[in-house]
Amino acid sequence: MGTVILGTGSCLPKRVVTNVELESVVETDDEWIRTRTGIVTRRVSGKGEHTYQLAAEAARRALAAADVSPEEIGLVVVGTISSHMQMPSSACFVQDEIGAVNAFAYDLNAACSGFLFGLDLADKYISLDHSMKVLIIGAEALSSRLDYKDRNTCILFGDGAGAAVLGYSDSDRGIIGTHMLSDGSLWKLLHMHGPESSNPDLAEENWTGAYIRMEGREVFKHAIRAMEGSVRSLLESEGISLDSVDLVIPHQANTRILNKLIKRLELPQRKVFINVPKYGNTSAASIPIALDEANDSGLIAKGDTVLFCSFGGGFTWGAALIKW
Ligand code: UT7
């Protein structure tokens, strides 16, 4: 009995950018990107593909799959760090675009953990009000926040959106548990400044443009440790063994991180859904896009135990378990 996912949807920008195309933008090569990250292509937004527009389309598809009307939605949350405007939120734009006239709406900034933190939030709202239906979306147009002179970051990220409609079910299915954590002390390792301050007293001394900056090696180590820790803590507190998990849908950072995590958790490769070679790291959108693809391909059956885990800027990280 609890919060179930009633439907999923996703939306990717049309333009596909290959590693070879990036060779003419920054000093890199296809071979380096493939061996270090496993990424082959990523999607890049064009006209009409702002974060909220991708989010709204993913939401429409999730609503259709769930057979839920926009008017039934009570809350819209968009996990994003690349809204096209600082205010209003992407969630408010989505609320208007899809006609969710009975919903309140806001964005959630937890970087790559945005969708999982949103899932946890929806679970709490729905457990207090069983009539509530919640739309959780992860959406990014990170191409607008990349420094295309910085080869450490610009090759890694991509754009896209994924959405899930959540509601209450009195069956034995639903969210089993979550384990979420943050550590703000390590913010410098992965961050993105806001606009340059117009108040000289608040100007940042080391403002380096409103782009993603990352110490890749350090982030790599923390990401593995944090995701492994969250997964183990959650399974232990729920008394569930990894053997009884049917599918793992991790944040799609890159294949090297995922392979290391698979090894550390001693997971069979076939149980882990990976689509990062096609889309790169889409931050908050990565888990819901992967979930929608796994769901659409028939990889998740009713009653399956699905495990999610994420890690992102903040640092923010966590894991969630759901009986589908
Ligand atoms: O959602 C969570 C967000 N972040 C992540 O998940 C990323 C975590 N980090 C990683 O996955 C890896 O650190 C990367 C894939 C980002 C980088 O791989 P790495 O093996 O840690 O490489 P590195 O940063 O230590 O760089 C090794 C070399 C350097 O050259 P030198 O100093 O050895 O001459 C870099 O300048 O590779 C160079 N390099 C590149 N070369 C070609 C860095 N980026 C590139 C590039 N193309 N795009």
Side-chain angles (χ1 to χ4, degrees), residues 17-42 79-82 109-117 138-143 145-160 162 180-184 186-192 211-231 249-264 272 274-277 279-290 308-319:
V17 172
T18 63
N19 294 341
V20 174
E21 273 181 84
L22 287 176
E23 286 177 8
S24 61
V25 175
V26 73
E27 199 188 331
T28 190
D29 58 87
D30 178 44
E31 170 69 15
W32 191 96
I33 301 175
R34 277 178 198 253
T35 50
R36 302 282 177 131
T37 73
I39 297 165
V40 180
T41 55
R42 73 281 296 138
T80 187
I81 50 165
S82 54
N109 177 341
C112 305
S113 301
F115 181 77
L116 275 203
F117 282 22
E140 305 285 8
L142 280 174
S143 58
R145 300 287 197 281
L146 295 174
D147 177 357
Y148 283 96
K149 292 188 184 83
D150 177 13
R151 66 179 184 175
N152 294 299
T153 52
C154 74
I155 53 110
L156 291 172
F157 298 94
D159 303 342
M180 310 286 172
L181 278 170
S182 299
D183 182 353
L186 298 168
W187 70 270
K188 268 193 183 150
L189 298 176
L190 177 53
H191 67 272
M192 180 166 74
Y211 307 119
I212 290 185
R213 302 290 176 198
M214 182 172 70
E215 299 289 334
R217 283 212 166 185
E218 284 303 309
V219 173
F220 191 97
K221 283 188 262 171
H222 285 284
I224 306 282
R225 220 177 292 143
M227 282 193 283
E228 183 190 3
S230 258
V231 165
I249 303 183
H251 166 50
Q252 309 284 315
N254 64 58
T255 44
R256 247 168 82 221
I257 288 197
L258 295 180
N259 287 338
K260 187 100 183 189
L261 187 68
I262 287 168
K263 208 167 154 197
R264 291 270 280 261
V272 184
I274 297 180
N275 64 3
V276 68
Y279 304 131
N281 180 344
T282 58
S283 182
S286 96
I287 290 181
I289 293 171
F308 302 96
C309 59
S310 70
F311 181 86
F315 289 147
T316 58
W317 68 94

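As the structure is a prediction and not an experimental result, all values here were calculated from the model. Both ligands and their constituent atoms are indexed starting at 1 by order of listing.
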Colleague: Taking the inter-plane angle between the rings of F315 and F311 on a 0 to 90° scale, is it parallel (under 30°), tilted (30 to 60°) or perpendicular (over 60°)?
Modeller: tilted
Colleague: Identify, for atom 25 (O) of ligand 1, the protein heavy atom at the shortest distance, and state residue, atom and that distance.
Modeller: R217 NE, 2.6 Å
Colleague: Just so I know, are the side chains of V231 and R264 near enough to count as touching, which here means a heavy-atom distance under 4.5 Å?
Modeller: no
Colleague: Return the closest protein heavy atom for atom 14 (C) of ligand 1 as residue, atom name and distance.
Modeller: R256 NH1, 4.6 Å
Colleague: Using a 4.0 Å heavy-atom cut-off, say whether T28 meets ligand 1 through its side chain, its backbone, both or neither.
Modeller: both
Colleague: Taking 4.0 angstrom as the limit and counting only heavy atoms of F311, give me the atoms of ligand 1 inside it, by number and element.
Modeller: 1 (O), 2 (C)
Colleague: Identify, for atom 11 (O) of ligand 1, the protein heavy atom at the shortest distance, and state residue, atom and that distance.
Modeller: N254 ND2, 2.6 Å
Colleague: Report the residue from L156, N281, I81 that forms a side-chain contact (heavy atoms from CB on, under 4.5 Å) with L142.
Modeller: I81
Colleague: Give a yes or no answer on whether the side chain of H222 reaches the backbone of V219 with a donor-acceptor pair at less than 3.5 Å.
Modeller: no
Colleague: Would you call the rings of F115 and F308 parallel, tilted or perpendicular, taking 30° and 60° as the class edges?
Modeller: perpendicular
Colleague: Test of understanding: given a 4.0 Å heavy-atom threshold, classify the contact between I33 and ligand 1 as side chain, backbone, both, or neither.
Modeller: neither
Colleague: I'd like to know if atom 4 (N) of ligand 1 has any protein heavy atom within a distance of less than 4.0 Å.
Modeller: yes
Colleague: N281 near ligand 1, heavy-atom distance under 4.0 Å?
Modeller: yes
Colleague: Strictly under 4.0 Å, does any heavy atom of C112 approach an atom of ligand 1?
Modeller: yes
Colleague: Looking at every non-hydrogen atom in both residues, tell me the closest pair between V276 and I39 and how far apart they are.
Modeller: O-CG1, 4.0 Å
Colleague: Are any non-hydrogen protein atoms located under 4.0 Å from atom 44 (N) of ligand 1?
Modeller: yes
Colleague: What are the two closest heavy atoms between W317 and S230, and how far apart are they?
Modeller: CD1-OG, 3.3 Å
Colleague: Give me the nearest non-hydrogen protein atom to atom 15 (C) of ligand 1 as residue plus atom name, then the distance to 0.1 Å.
Modeller: T37 CG2, 3.7 Å
Colleague: What do you reckon, does G216 have a nitrogen or oxygen under 3.5 Å from a nitrogen or oxygen of ligand 1?
Modeller: yes
Colleague: Minimum heavy-atom separation for E23 and D29, please, with both atom names.
Modeller: OE2-CA, 3.5 Å
Colleague: Other residues, nucleotides and ligands only: do more than 12 of their heavy atoms fall within 6.0 Å of OH on Y211?
Modeller: no
Colleague: To check you understand the geometry: which heavy-atom pair defines the closest contact between G160 and A285, and what is its length?
Modeller: O-CB, 3.3 Å
Colleague: Pull out every atom of ligand 1 sitting under 4.0 Å from any heavy atom of A253, numbered as shown with elements.
Modeller: 6 (O)
Colleague: I need the nearest protein heavy-atom contact for atom 20 (O) of ligand 1: residue, atom name and distance, please.
Modeller: R36 NH1, 2.8 Å
Colleague: State whether any protein heavy atom lies less than 4.0 Å from atom 31 (P) of ligand 1.
Modeller: no
Colleague: If you round to the nearest 0.5 Å, how far is CH2 of W187 from OG1 of T316?
Modeller: 15.5 Å
Colleague: Among protein heavy atoms, which lies nearest atom 6 (O) of ligand 1, and at what distance?
Modeller: I257 CD1, 3.2 Å
Colleague: How far is atom 35 (C) of ligand 1 from its nearest protein heavy atom, and which residue and atom name does that atom have?
Modeller: R151 NH2, 3.8 Å
Colleague: Considering non-hydrogen atoms of the protein only, which is the closest contact for atom 17 (C) of ligand 1, and what is the distance?
Modeller: W32 CH2, 3.9 Å
Colleague: In the complex you have, is atom 8 (C) of ligand 1 within reach of the protein, judged by whether a heavy-atom distance drops under 4.0 Å?
Modeller: yes
Colleague: Are side-chain heavy atoms of R256 and T37 found at a separation under 4.5 Å?
Modeller: no
